[in-house]
Amino acid sequence: MPELPEVEMVRRYAEEQCKGRTIINVRVLDEGILVGVSRSVFVRSVQGRQIIGASRHGKQLFLNLRKGFLTVHLGMTGDILMLERGERSPSHARTLFTFDDATRLAYDDPRKFGALGLASSMADFVKEHHLGPDALKVSKKEFVARAQGSHRAIKSVLLDQHVIAGVGNLYADESLFQSKIHPLAASNELPVEALERIWAQVRHVLNASIRVSTDFQMLPEGFLLRSRAAGSPCHRGNGIFQSIKVGGRTTIFCPACQKLI
DNA sequence: GAGTATGTTATATG
DNA sequence: GCATATAACATACT
C-alpha cells in the first residue's frame with residue numbers, strides 16, 4: 001500500500017471515519033505489531049480517549065487523541081478499515097479498536113511489517129526517529145542541501161527517510177524518470193539545477209497521485225507508474241525500460257531518457 | 001520450489 | 001563514531 005500518497009489517503013479516511021469517536025476498548029491480537037510500548041501501557045493510554053483528527057509526516061500516520069498520539073506505520077501491507085456493527089474483522093487484523101457507538105476500527109497487516117505505538121507529539125516522534133522533513137513540505141533549498149550531503153546513488157538518497165520522509169520505491173523511480181536523471185547518479189555530484197528538478201518532480205508526482213486517489217491508471221499519460229515494467233517501451237520514443245537493483249530495491253528506468261552523468 | 005513485493009532496521013564493513 | 005551496504009523480518013502471490 002503505502003508511500004506518502006497512499007498514507008495520505010489512509011489519513012483522510014481515518015479522519016472522516018474516526019474523528020469525534022471515542023475508543024472504549026482495544027484488543028491487541030498480535031503483540032508483535034506494538035513498537036516501543038507494552039501491551040498494557042498501550043491499552044491503558046488509548047482506551048477511553050477520543051480521536052480528534054489524523055495527521056501525517058512522510059509515511060508515518062498519527063491518530064490525534066484528546067491526549068497524546070497513536071502512531072501508525074503501515075509497513076508494506078498495513079491498512080485500516082472501519083467495521084460496521086457486527087461486521088467480521090479482516091483475516092489479518094492485528095489490533096481492533098471498539099468505539100462508543102459499537103463500530104470498530106481494524107488495523108490489518110498480513111506481513112506484519114507495520115507498527116503501532118504512542119507519542120506525546122509529532123515533533124517528538126520525528127526527532128526520535130530522525131525523520132527528515134516531509135517530502136511535500138521540504139523547501140527547495142533544504143532539499144538541495146540535504147541531497148548534496150551524500151555521495152550515494154540519488155535513488156538511495158530519495159528512499160532514505162532521514163533525508164526526506166515519504167518517498168518509497170515506486171515514487172522514487174517515477175520522480176527520477178520525470179526528472180530524466182539516472183537512478184545511480186551520485187547525489188552530491190548532480191548539478192544544483194538537476195537536484196532542483198528532482199525536488200520539483202517529487203512534489204509533482206506525489207501530488208498527481210494524491211489527485212487521482214493513488215489509482216495509477218488514472219494518472220496522466222507519460223507516467224511510468226501506469227505501466228512500470230522492464231521490457232516495455234518508453235512512451236517518449238527511443239528507450240526500453242530496464243530493471244536494475246539499487247540499494248537492493250528493484251529499479252525501473254529508461255536508459256535513453258535517464259543518462260548517467 | 002524460486003523469485004518477487006509500495007518498508008524499516010539491526011548488523012556488518014570499511 | 002560515521003557513512004554505507006546488506007540481511008532479516010512474515011506472508012501472499014505468480
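Every chain is numbered from 1 and lettered A, B, ... according to where its sequence line falls, protein lines coming before strand lines. When reading the values below, keep in mind they use all heavy atoms of this one structure, side chains included, and skip hydrogens, waters and symmetry mates. All of these numbers come straight from a predicted model, not from anything done at the bench.
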Charged N to carboxylate O under 4.0 angstrom, [X] versus [Y]?
{"X": "A:E15", "Y": "A:R11", "answer": "yes"}
{"X": "A:R21", "Y": "A:D100", "answer": "no"}
{"X": "A:R228", "Y": "A:D173", "answer": "yes"}

Please give, in whole Å, the distance from [N] [atom2] to [X] [atom1]?
{"X": "A:F113", "N": "C:dA10", "atom1": "CZ", "atom2": "C1'", "result": "5 Å"}
{"X": "A:K155", "N": "C:dT4", "atom1": "NZ", "atom2": "P", "result": "17 Å"}
{"X": "A:E31", "N": "C:dA10", "atom1": "CD", "atom2": "C1'", "result": "17 Å"}

*For the pair A:Y171 and A:F216, name the ring-plane relationship: parallel under 30°, tilted 30 to 60°, perpendicular over 60°.*
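A:Y171 and A:F216: perpendicular rings.
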_Checking side-chain polar atoms at under 3.5 Å, does A:S213 have a donor or acceptor matched by the opposite partner on A:D215?_
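No - no donor-acceptor pair under 3.5 Å links their side chains.
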[atom1]-based separation of [M] from [N] [nearest Å]:
{"N": "C:dC13", "M": "B:dT8", "atom1": "P", "value": "23 Å"}
{"N": "B:dT9", "M": "C:dA12", "atom1": "P", "value": "24 Å"}
{"N": "B:dT4", "M": "C:dT6", "atom1": "P", "value": "16 Å"}

*Does the cation-pi check pass for A:R236 over A:F177, that is, NZ or CZ under 6.0 Å from the six-membered ring centre and within 45° of its axis?*
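Here A:R236 passes the 6.0 Å and 45° test against A:F177.
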*Could you check which of C:dA10, B:dT6, C:dA3 has an atom nearest any side-chain atom of A:K112?*
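Given the options C:dA10, B:dT6, C:dA3, the side chain of A:K112 is closest to C:dA10.
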_Nucleotide nearest A:P2 when distance is taken to its side chain, options B:dG7, C:dA3, C:dT11_ = B:dG7
*DNA chain C: stems of at least 3 consecutive Watson-Crick or G-U pairs, cut-off 3.5 Å?*
B:2-5 with C:11-14, B:7-14 with C:2-9
